[in-house]
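Read through the structure below, which is laid out as structure tokens, and then see the notes.
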Amino acid sequence: NPQEAAKGYKAQAKKNYKLMEAAAKSTSDKAQESQMELDNAIASGNKDGIAKWEKELAKEVKKDDTKKVKSASKQAEKKNSKVKDLEKKAFEDELKTVNSIHGKSKSKKEKEKLAKEWAKESLKNDKGYKKAKNDAKKAKEALEKAKKRLQRA
């Protein structure tokens, strides 16, 4: 049936277009070489060449996407770590303050709870903390985007 064949070609062309678009963004020489070879195979109508280079290009794009996920993951961990460090430091500073004010009049648990509340309040106005929190959020979004791209490949 010619209509079904046309749908198959259209789907294949769409797949190839996405692959080539991803390869164009890739920094990998192999991906770019595969893209060029696939382009040549398509232009010459070489079906075996098209199949071979599609497979090679898909492999290279997936490899590149995997590297991007790994890099984004490290970045997200680094940014989250900075946020946690700032939170820990704020808590420790406030705990010192609480201890100096309340001394023995409150239990350790009560002082820690109060220090946690005060730290939370002090961080609300801290520009460095807000920036770190925003950077961590952006890094997490970048990681999610990279993971999505990898799943589509």
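Within the structure, the side-chain hydrogen bond (donor to acceptor under 3.5 Å, both in side chains) test picks out no pair touching residues 29-51 (sequence neighbours left out). The side-chain hydrogen bond (donor to acceptor under 3.5 Å, both in side chains) pairs that include a residue from residues 104-115 are N99-K111, S107-E110, where partners are two or more places apart or lie in different chains. Note on residues 121-138: pairs passing salt bridge (Lys or Arg N to Asp or Glu O under 4.0 Å), not counting sequence neighbours, are E121-K124, K131-D135. Listed by first and then second residue, the salt bridge (Lys or Arg N to Asp or Glu O under 4.0 Å) pairs involving residues 88-102 are K89-D93 (not counting sequence neighbours).
With hydrophobic clusters built from ILVMFWY side chains whose heavy atoms lie under 4.5 angstrom apart, I50 shares a cluster with V61. Linking Ile, Leu, Val, Met, Phe, Trp and Tyr whenever their side-chain heavy atoms come within less than 4.5 Å leaves V98 and F91 in two separate clusters.
Applying the salt bridge (charged side-chain N to carboxylate O under 4.0 Å, His left out) rule to K59 yields the partners E56; only residues at least two apart in sequence or on another chain are considered. In this structure, the side chain to side chain contact (heavy atoms under 4.5 Å, CB included) partners of A139, at least two apart in sequence or on a different chain, are A76, K79.
Under the side chain to side chain contact (heavy atoms under 4.5 Å, CB included) test applied with S28, the options K63, K67, E60 reduce to a single match, E60.
Considering only heavy atoms from C-beta on, K62 comes within 4.5 Å of L150 through its side chain.
Pairing each heavy atom of L114 with each of H102, the nearest pair is CD2-NE2, 3.6 Å. For A31 against A23, the heavy-atom pair with the smallest separation is O-CB, 4.0 Å. Nearest approach of A41 to G49, heavy atoms of both residues: CB-C, 3.7 Å. Closest of all the heavy-atom pairs between G128 and L86 is O-CD1, 4.1 Å.
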*Verify side chain to side chain contact (heavy atoms under 4.5 Å, CB included) between Y129 and E87, making sure each step is shown before the conclusion.*
CA-CA 8 Å; Y129 177 73; E87 289 172 346; 2.7 Å; yes

*Do Q75 and L143 pass the side chain to side chain contact (heavy atoms under 4.5 Å, CB included) test, and can you show the C-alpha distance, the side-chain angles, and the key distance before you say yes or no?*
CA-CA 8 Å; Q75 201 65 16; L143 175 60; over 6 Å; no

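The CD1 atom of I101 lies 6.0 Å from the OG1 atom of T97; values are rounded to the nearest 0.5 Å.
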